[in-house]
Number of protein chains: 2
Amino acid sequence: MSARNSADHGRDIPEATVARLPVYLRALTTLADQGTSTCSSEHLAAAVGVNSAKLRKDLSYLGSYGTRGVGYDVAYLRYQIAREIGLTQDWPVIVVGIGNLGQALASFSGFRSRGFRIVALLDADESRHGEVVSGLPVEPFDDLARIAREHGVAIGVIATPAHAAQDVADAMVDAGITSILNFAPSVLQVPEGVDVRKVDLSIELQILAYHEQRKLPVAADVDGVGEVSA
Amino acid sequence: MSARNSADHGRDIPEATVARLPVYLRALTTLADQGTSTCSSEHLAAAVGVNSAKLRKDLSYLGSYGTRGVGYDVAYLRYQIAREIGLTQDWPVIVVGIGNLGQALASFSGFRSRGFRIVALLDADESRHGEVVSGLPVEPFDDLARIAREHGVAIGVIATPAHAAQDVADAMVDAGITSILNFAPSVLQVPEGVDVRKVDLSIELQILAYHEQRKLPVAADVDGVGEVSA
DNA sequence: TAGATTGTTAATCGATTAACAATC
DNA sequence: TAGATTGTTAATCGATTAACAATC
C-alpha cells in the first residue's frame with residue numbers, strides 16, 4: 001500500500017541506520033585500500049560486527065546498490081554512502097576551547113580526510129590569542145560570529161569546561177551554526193532546528209563500570225556484599 | 001504473573017536506561033551543589049532534557065526511591081544511582097597511546113572525580129618512556145600485563161592510531177582487562193565477556209553532517225542538485 | 001541451469017510515552 | 001481532606017532479525 005518509489009531514496013532514514021552509515025563507509029574504505037573490489041553483505045557485516053540482515057536493511061534505505069548473486073561493488077557503494085551522508089562536500093568546522101582536548105581535536109587528522117576542515121580555533125583566554133596550534137592561530141571567542149559567517153560554518157565543536165558550554169552554544173546558535181558537537185560535560189539548551197551531539201568521556205566509562213560491576217560478583221542470587229578484597 | 005520483588009532491583013536494567021543513569025547522576029550532583037535537597041521527576045527530567053515519564057520508568061528499575069506527592073531526595077537518589085553504576089568503588093584505569101588525545105585523557109579531571117583513577121600511561125614509543133604526563137610516567141606497552149595485574153585494572157582506554165588498536169586490545173584482554181573504551185577509529189574483535197565502547201569523533205561529525213545536509217536544500221520534493229553556491 | 005546473494009517481508013524484541021491509580 | 005507526584009500499566013513506536021522470494 002505504501003507508494004515507495006525510487007525518488008523516495010534518501011528520505012526518512014532511521015536514526016539507528018544513519019549512525020551506522022559512517023561505520024560502513026570506513027569499512028568500505030579499508031576494503032578499497034586493500035584492493036577488494038566486490039564484497040557481500042555477509043563479508044561487510046562481519047568486518048563491522050553487525051548482522052548481515054541489518055546491513056542489507058540499512059543499505060536498502062539508500063537504494064538498490066547491490067547485485068543479487070554477486071554482492072556490492074566496493075567503490076560504488078562507498079560513493080553512494082558518502083553522498084548520502086554529505087561527505088562529497090566540504091564541511092568547515094570551528095573548535096571553541098583550546099585546552100588539551102581542543103588541541104587534540106585540532107591536530108586530529110581523521111577529520112580532514114573525511115571532508116571536515118577546521119577553519120578556526122577560538123578561545124576566551126586572551127593570553128592564548130595568536131598562539132598557533134596545528135597550523136591555525138587561536139582567535140578571540142568574541143569573533144565567533146564574524147568567523148563563522150566568513151567561512152560559512154554550519155558545524156561547531158565545543159571543547160570548553162562545562163561552565164562555559166552553554167554560553168558557547170548560545171553564541172554558536174546566534175552565529176547561525178545549526179550543528180554542535182559537545183565535548184563539555186553539560187546538557188545544552190538549544191532552539192529547535194539545532195542538532196546537538198554529545199561525547200562524554202566519563203559517561204562512557206561509567207557505562208563500562210556498570211557492566212564491569214556485574215561481572216565481578218559471584219553469580220549466586222544473594223544479597224551479599226559482592227566486594228572482592230583489594 | 002512476573003514475580004518481581006524488591007530483591008530483583010539492580011538486575012536486568014535496560015541498556016538505554018543504563019546509558020542515562022550517569023546523566024541523571026550528574027544533574028543530581030549539580031542540584032546538590034546548588035543546595036537543592038528535593039526535586040520532582042518533572043524538574044530533574046527538564047534538567048537533563050528527557051520526558052519525565054521516561055525518567056520515572058528508568059528510576060523504577062533501581063527501586064522506589066521517591067515519595068509520592070513530594071519527589072526525590074537529591075542526596076539519597078544520587079547515592080542510589082552511584083551505587084547502582086558502581087561508582088561507590090574506585091576503578092583503576094590504564095591509558096594506552098600518549099598522543100594528543102591520550103594526553104588530553106590523562107589530564108582530564110572529570111575521571112578522578114567520578115571514581116576513575118588513571119594508574120598508568122603506556123606507549124609503544126621508547127622515546128616517550130619516562131616522560132611525565134599529568135604526574136604519571138609513560139611506561140612501555142610491553143609492561144601492560146604486569147601493570148594491569150599489579151593495580152587490578154579492569155578498564156582500559158585505547159588512544160592509539162587505528163592500526164595499533166587491535167594489538168592493544170588483544171594485549172589488554174590477555175592482561176585480564178574486560179572493559180575497553182576505544183578512541184581509535186577501528187572495529188575491535190574481542191572475546192565474549194569483554195565489553196567495548198567506542199568513541200569516534202569523525203563518526204559523530206558525519207552524523208551531524210547528514211542532518212545538516214538535509215536542512216540546507218529547499219524543501220521542494222524535486223530531484224534537484226540541492227547545492228548552494230559557496 | 002544451479003548457486004549465490006540481494007532486497008523485502010513479517011515476526012519479534014526493546015524503548016518510549018501517555019495516562020492514571022496509588023499514596024504521600 | 002485536597003493537591004501533588006510517584007510508580008506502573010498498556011499502548012505505541014522504532015529497531016532488529018530470520019526467512020525467503022526475486023534475480024543475477
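Chain letters run A, B, ... following the sequence lines, proteins first and then strands; every chain starts at 1. Worth knowing before you read on, the calculation uses all heavy atoms, side chains too, and leaves out hydrogens, waters and symmetry mates.
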Student check: side-chain heavy atoms of B:Leu181 and B:Val93 closer than 4.5 Å: no
Are the side chains of A:Met172 and A:Val190 in touch, meaning some heavy atoms are under 4.5 Å apart? no
[X] [atom1] to [N] [atom2], straight-line distance once rounded to whole Å:
{"X": "A:Asp73", "N": "C:dT6", "atom1": "CG", "atom2": "P", "answer": "13 Å"}
{"X": "A:Leu59", "N": "C:dT5", "atom1": "CG", "atom2": "C1'", "answer": "13 Å"}
{"X": "A:Leu55", "N": "D:dA15", "atom1": "CG", "atom2": "C1'", "answer": "15 Å"}
{"X": "B:Asp58", "N": "D:dT8", "atom1": "CG", "atom2": "P", "answer": "13 Å"}
{"X": "B:Lys57", "N": "D:dA10", "atom1": "NZ", "atom2": "P", "answer": "11 Å"}
{"X": "B:Tyr61", "N": "D:dT8", "atom1": "OH", "atom2": "P", "answer": "11 Å"}

Just by distance, with hydrogens left out, do A:Asp195 and A:Ser179 show a side-chain donor and acceptor under 3.5 Å apart?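 No, because no side-chain N or O of A:Asp195 sits under 3.5 Å from a partner of the opposite role on A:Ser179.
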Might you point out which heavy atoms bring A:Pro22 and A:Ala19 nearest each other, and give the distance in Å?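 In this case the closest contact between A:Pro22 and A:Ala19 is CD-O, 3.6 Å.
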Exam field: side chain [X] to backbone [Y], donor-acceptor pair closer than 3.5 Å:
{"X": "B:Gln206", "Y": "A:Ala82", "value": "no"}
{"X": "A:Gln80", "Y": "A:Tyr76", "value": "no"}
{"X": "A:Gln166", "Y": "A:Gln189", "value": "yes"}

For DNA chain D, the residues among residues 33-54 of chain B that have a non-hydrogen atom under 4.0 Å from it: B:Ser40, B:Ser41
Within residues 15-25 of chain A: residues closer than 4.0 Å to DNA chain D (heavy atoms):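 Heavy-atom cutoff 4.0 Å gives A:Glu15, A:Ala16, A:Arg20.
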Does the side chain of B:Tyr72 get closer than 4.0 angstrom to OP1 or OP2 of D:dA4 through an N or O atom? no
So, is B:Tyr65 near the phosphate of D:dT5, with a side-chain N or O under 4.0 Å from OP1 or OP2?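 Negative; the distance criterion is not met.
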Starting at the 5' end of DNA chain C and moving along, which residue's nearest nucleotide shows up first, A:Val70 or B:Val70?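 Checking each residue's closest nucleotide, the 5'-ward one belongs to A:Val70.
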Starting at CD1 of B:Ile203, measure out to NZ of B:Lys198 and round the result to the nearest 0.5 Å.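 Answer for the CD1-NZ pair, B:Ile203 versus B:Lys198, is 5.0 Å.
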Starting at CG of B:Leu105, measure out to CD1 of B:Ile158 and round the result to the nearest 0.5 Å. 12.0 Å
Walking DNA chain D from its 5' end, the first of A:Arg56 and A:Thr67 to be reached, judged by nearest nucleotide, is A:Arg56
Could you please spell out the steps behind the side chain to side chain contact (heavy atoms under 4.5 Å, CB included) verdict for A:His211 and B:Glu15? CA-CA 10 Å; A:His211 293 294; B:Glu15 263 310 299; 2.5 Å; yes
Against A:Val23, only a single residue in A:Leu55, A:Val48, A:Ile81, A:Asp58 fulfils side-chain contact (heavy atoms from CB on, under 4.5 Å); can you say which?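 By the side-chain contact (heavy atoms from CB on, under 4.5 Å) criterion, A:Val23 pairs with just one of A:Leu55, A:Val48, A:Ile81, A:Asp58: A:Val48.
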Check: C:dT6 base within 3.5 Å donor-acceptor of A:Arg68 side chain: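 Counting by modelled atom types and ignoring angles, a donor-acceptor contact under 3.5 Å is found here.
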Stem regions touching DNA chain D, defined by at least 3 consecutive Watson-Crick or wobble G-U pairs below 3.5 angstrom: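 The stems are C:3-24 with D:3-24.
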